[in-house]
Number of protein chains: 2
Amino acid sequence: MAATVKDVAAAAGVGIATVSRVFSGNGAVGAATRERVLAAARELDYRPSAVGRSLKTRRTGGIGLVVPDVTDPFQAELAAGVLACARDLGEHVVLDVSGGDPGREAAIVERMVGQRLDGVVAVPAGDRAPWAAAAAAGGGVVFADRALPGLPDVPAVLADDAAGVASLAEYLLGLGHRRIALLGAAPRGRARGERERAFREALAAAGVAVDEELMVAARPARDSAYAAAAGLLQSRPDATAVLAATHLLGEAAVLVARELDLRVPADVSIAMVGDVAWAELCDPPLTAVARPGRDIGYRACETLLRDRNRRGPAGPVRLPAELVVRGSCGPCRGGRR
Amino acid sequence: MAATVKDVAAAAGVGIATVSRVFSGNGAVGAATRERVLAAARELDYRPSAVGRSLKTRRTGGIGLVVPDVTDPFQAELAAGVLACARDLGEHVVLDVSGGDPGREAAIVERMVGQRLDGVVAVPAGDRAPWAAAAAAGGGVVFADRALPGLPDVPAVLADDAAGVASLAEYLLGLGHRRIALLGAAPRGRARGERERAFREALAAAGVAVDEELMVAARPARDSAYAAAAGLLQSRPDATAVLAATHLLGEAAVLVARELDLRVPADVSIAMVGDVAWAELCDPPLTAVARPGRDIGYRACETLLRDRNRRGPAGPVRLPAELVVRGSCGPCRGGRR
DNA sequence: GTGAAAGCGCTAACAG
DNA sequence: CTGTTAGCGCTTTCAC
């Protein structure tokens, strides 16, 4: 049984309030008394209970972090950023993964609210209801990496993917490519994402017509990504460059290209959004847009904890994404056919 | 201000105990009364406070997880396993990263004990003091992925690296290699790790003498790994195979080999311990020993939560590591010189 | 500077 | 079945 203030007070021959003062730092305590208390505490191996304290102060000193999948390198970076900021600000972090499932996410958020965490940073799965509820319940919420439409009051910290994709598209265009495929477009009928919009705009700005068959959709899973890449590379040998919208899609493109014995970049140029560790290891190293996952996490946590009072800026914060040129893109040579 | 049992009780016209019974599930409540309580709760947007409950029940329903770096793919897998098990058992997880720094780790553990978590799963940084203290304070501790000598009472769930390295070494030996370098041996004078011992034993069993200059040490950081790999590959062109003890070292070997224009596996065979995503993406795909990170995490958490009572087995649990043969190792062709 | 007492939100006897 | 009561460990007035 762990020792309590009461035990320490008794052992030190003081009142419990004094013990509290010593450990919470609030209120003045005489030097001699303080020593006696500390000695008694050490003797009893006393550690203040965060639970008791939280009940009284109505603050847990912890925040929640919910991401679809910690195993994803980008999300792991983001988590590391949140953890770093939380440490700097003296908070702890309760982590949970949603698997991208709105139902699971809702349950997680509900639980975190019940835990009375000081707020939660999230890469939301898609459903806005749980977040609206959490915000209504008084818990602070900040989105990271992606925001949800229809929740303008929830601050968001995102990567500037529009700029990132634009610079990548311009780079490809500058290399002479005209038939550039986008791996990871929206399925027919669904709303276009930010990356796709930026891509289309870049083409338009260069006076290049969009070939809708080069806008390939895929679900965010390995098998679907692979199927999409295989379908594209096999059916359109005239495509001279592939811009993968995610690192999963980029991985699929690299794998399929190898399977098909395509030389990169001689037969086809490949680039992707999201600069993960293997980009530098594959042969040739992959050109990519580096998204600042760690910074996004740090900033999101900071926004949650520090900027809670001041009104956030109108619209989400955007952190710059940087084009990292490696060897996977070359001048356009007309495609293979 | 969040609603409390008292508010709900008043609104529903019942006693607070009844409200508690409805939400905690303990004790029977009449159907009609339950409905009234639920209605009142919904009306007030009431959520039971985990803090109040924890104070009373003396259980937080949460565990701690401390790893050196969530950004490491293996540790991320391990974390995912812990998270999965915790979810299955209804616990939440407080995550923190030590950066491999014993001081930081000690502070983290100390805090977690103060939080009255039900236990902690850890990939320990090296210092045993904080863990001894935590165990003494009554918190359960389970090590994952690596154990600390001198703490026999702390259960551990590890990969069977000895078997993994042995099978990898035998594979290389079977390919005819005799001058096999081990990237990631212990520095001169420090105790040999399990992987190194297994490697030496495998050589001995095959009647191959150990060339101490092929046992290369490196700190677990990218720059050090790279330097070690570069030093080895440049100074010993007669080495025909490299066994990297970690994925960081494997990465370094691949990078240096490319830098030096060595063909893999024609000029040198490369293999590593730890099967990360990029192993399949690099060219040629890397042969590796897959360590079951997720299972280790799951099992460690399970051991912490479920098996607390039964005496653990003597010695750590070992989960099998599996050799995944890809294209980076070929028959020995005598080295380059 | 220090102690006594009240109470944070909840659960668990114990009565009724 | 349901209400009353007594704390869980801590912080915080309020007196002294």
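Per chain, numbering begins at 1; letters A, B, ... match sequence-line order.
Contacts of V51(A) with the nucleic acid, taken as non-hydrogen atoms under 4.0 Å apart, are absent. Counting non-hydrogen atoms under 4.0 angstrom, T33(A) reaches the backbone sugars and phosphates but no base. As judged by a 4.0 angstrom heavy-atom cut-off over every strand, V14(B) is placed among residues touching the sugar-phosphate backbone only. As judged by a 4.0 angstrom heavy-atom cut-off over every strand, G15(A) is placed among residues touching the sugar-phosphate backbone only. Counting non-hydrogen atoms under 4.0 angstrom, S20(B) reaches a base of the nucleic acid.
Taking only distance into account, the side chain of R116(A) never meets the base of dG9(C) through a donor-acceptor pair shorter than 3.5 Å.
Remark: the backbone N or O of A125(A) is paired with a side-chain donor or acceptor of E105(A) at under 3.5 angstrom. Although no hydrogens or angles enter the test, the distance criterion places a donor-acceptor pair under 3.5 Å between the side chain of D69(A) and the main chain of T71(A). For the pair R59(A) (side chain) and D118(A) (backbone), a donor-acceptor distance under 3.5 Å is absent. The closest donor-acceptor contact from the side chain of R116(B) to the backbone of R58(B) lies at 3.5 Å or more, if one exists at all. Remark: side-chain polar atoms of R87(B) are paired, donor with acceptor, to backbone N or O of V97(A) under 3.5 angstrom.
Taking atom NZ of residue K56(B) and atom C1' of nucleotide dG7(C), one finds them 15 Å apart after rounding to whole Å. Rounded to whole Å, atom C1' of dT11(C) lies 10 Å from atom CG of L55(B). Rounded to an integer number of Å, the gap from N26(A) CG to dG1(C) P is 14 Å. Rounded to whole Å, the distance from CZ on R36(A) to C1' on dT2(C) is 11 Å. Separating the CZ atom of R21(B) from the P atom of dC14(C) is a distance of 14 Å, rounded to the nearest angstrom. For the pair R47(B) CZ and dC10(C) C1', the interatomic distance rounds to 17 Å; values are reported in whole Å.
Where T18(A) and G30(B) each meet DNA chain D at their nearest nucleotide, the meeting point lying more 5' is that of G30(B).
Within the structure, a side-chain polar atom (N or O) of R58(A) is placed less than 4.0 Å from OP1 or OP2 of dG9(C).
Annotation for R291(A): atom CZ counts as buried by contact number, over 12 foreign heavy atoms lying within 6.0 Å.
Reading DNA chain D from its 5' end, the first and the last nucleotide to sit under 4.0 Å from a heavy atom of chain B are dC1(D) to dG9(D).
Between dA12(C), dG3(C), dC8(C), one nucleotide has an atom nearer to the side chain of K6(B) than all others, and that is dC8(C).
Applying the side-chain contact (heavy atoms from CB on, under 4.5 Å) test between I63(A) and each of V120(A), L305(A), L117(A) identifies L305(A) as the sole match.
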